[in-house]
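Shown next, in structure tokens, is the structure this report addresses.
In each ligand, atom 1 is the first atom listed, and ligand 1 is the first ligand listed. Computed from heavy atoms alone, side chains included, the values below leave out hydrogens, waters and symmetry copies.
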Amino acid sequence: MTSAAIRQQFLDFFKEKQHTIVPSAPIVIKNDPTLLFTNAGMNQFKDYFLGNKTPAHRRVADTQKCLRVSGKHNDLEEVGVDTYHHTMFEMLGNWSFGDYFKKEAIAWSWELLTAIFKINPMQIYVTVFEGDEAEGLPFDQEAYDEWARWVAPEHILKGNKKDNFWEMGETGPCGPCSEIHMDCRSEAERSQVFGGALVNADHPQVIEIWNNVFMQFNRGKDGSLTPLPEKHVDTGMGFERLVRVLQNKTSNYDTDVFTGTLKVIGELTGKTYTATDSRQDIAFRVLSDQIRAIAFSIADGQLPSNT
Ligand code: SER
């Protein structure tokens with residue numbers, strides 16, 4: 001499947017579940033002083049979560065251009081050094097604004113990955129928020145129970161506030177989340193070392209692909225958590241990582257999202273990309289990642305300068 005076909009299948013799946021498909025917001029943020037660039041699919045919907053605006057549709061899906069180069073969500077130092085972080089990436093998302101909640105979000109994530117994309121369930125691990133005493137937040141039993149309908153118990157892991165409580169920035173909408181991780185190692189490796197032990201451990205072949213956030217709170221300037229007027233769903237799937245999984249590659253850069261750019265960099269520099277950890281190959285990956293980030297930022301109205 002080409003990356004374009006994969007993107008379309010995601011959108012079609014949620015369209016069938018009565019979601020309205022909406023365009024990506026610009027990567028450059030114009031009207032929110034708490035952010036410079038769009039860092040998540042939910043940014044454009046922030047006012048719906050906070051109850052400041054009423055959405056035209058209560059179920060929405062899209063693919064959002066995101067940039068994570070500073071602030072709370074910053075992947076800049078990983079880019080190119082590893083094979084699965086990006087400055088700019090596409091985030092596939094489905095949203096419920098006060099409509100469905102954990103049950104449907106979890107069931108549909110599972111259906112899309114295993115029934116439509118035919119991913120082997122034994123290669124999937126999910127995480128659930130373990131709770132946080134200092135914040136007065138309980139273990140997410142509801143998410144656990146919904147996952148338990150589909151996923152083997154040893155593939156459901158508990159995670160702490162750092163990994164399983166998602167926040168937009170220092171302030172703003174937030175809530176417990178369930179991440180979906182893929183174990184992309186070979187069958188032989190999987191039978192030797194239990195994949196659950198490698199989740200969230202920086203293993204290059206055991207990577208998060210999708211996050212389901214259950215928006216329930218607003219983080220105030222004083223650090224307090226206030227319940228939102230309604231409960232919402234915000235999911236974000238890393239498009240480039242999903243493509244890598246479905247195209248059966250061990251690096252995002254080996255998918256059709258990047259191979260064309262890598263080829264042109266090779267032609268312009270007279271060098272060859274060999275997909276190793278060498279400094280030259282890291283440079284290839286950095287260039288192919290960042291030319292995309294720069295092109296889209298300029299197209300969305302941000303001109304580069306020396307500052
Ligand atoms: N907001 C969550 C994230 O960025 C899910 O979309 O990971």
Do His86 and Tyr253 have ring centroids that are under 6.0 Å from one another? yes
Polar contacts were defined as any N/O atom of the residue lying under 3.5 Å from an N/O atom of the ligand; does this apply to Met91 and ligand 1? no
Under 3.5 Å: donor-acceptor pair, side chain of Asn43, backbone of Asn39: yes
So, Asn160 side chain and Asp163 main chain: donor-acceptor pair closer than 3.5 Å or not? yes
Please list, in number order, the atoms of ligand 1 under 4.0 Å from a heavy atom of Gly236. 5 (C), 6 (O)
Within a distance under 4.0 Å of any heavy atom of Val213, pick out the atoms of ligand 1 and give their elements. 2 (C), 5 (C)
protein heavy-atom neighbour closest to atom 4 (O) of ligand 1 works out as Arg68 NH2, 2.9 Å
Set of residues satisfying salt bridge (Lys or Arg N to Asp or Glu O under 4.0 Å) with respect to Asp75, sequence neighbours excluded: none
Measure Thr235 to ligand 1 on non-hydrogen atoms and call it side chain, backbone, both or neither using the 4.0 Å cut-off. backbone
Give a yes or no answer on whether the side chain of Arg185 reaches the backbone of Val193 with a donor-acceptor pair at less than 3.5 Å. yes
Asp234 versus ligand 1: do any nitrogen or oxygen atoms come within less than 3.5 Å of each other? yes
Is it true that Phe239 and Phe89 have ring centroids separated by less than 6.0 Å? no
Numbered atoms and elements of ligand 1 in range of Asn211, under 4.0 angstrom, heavy atoms: 5 (C), 7 (O)
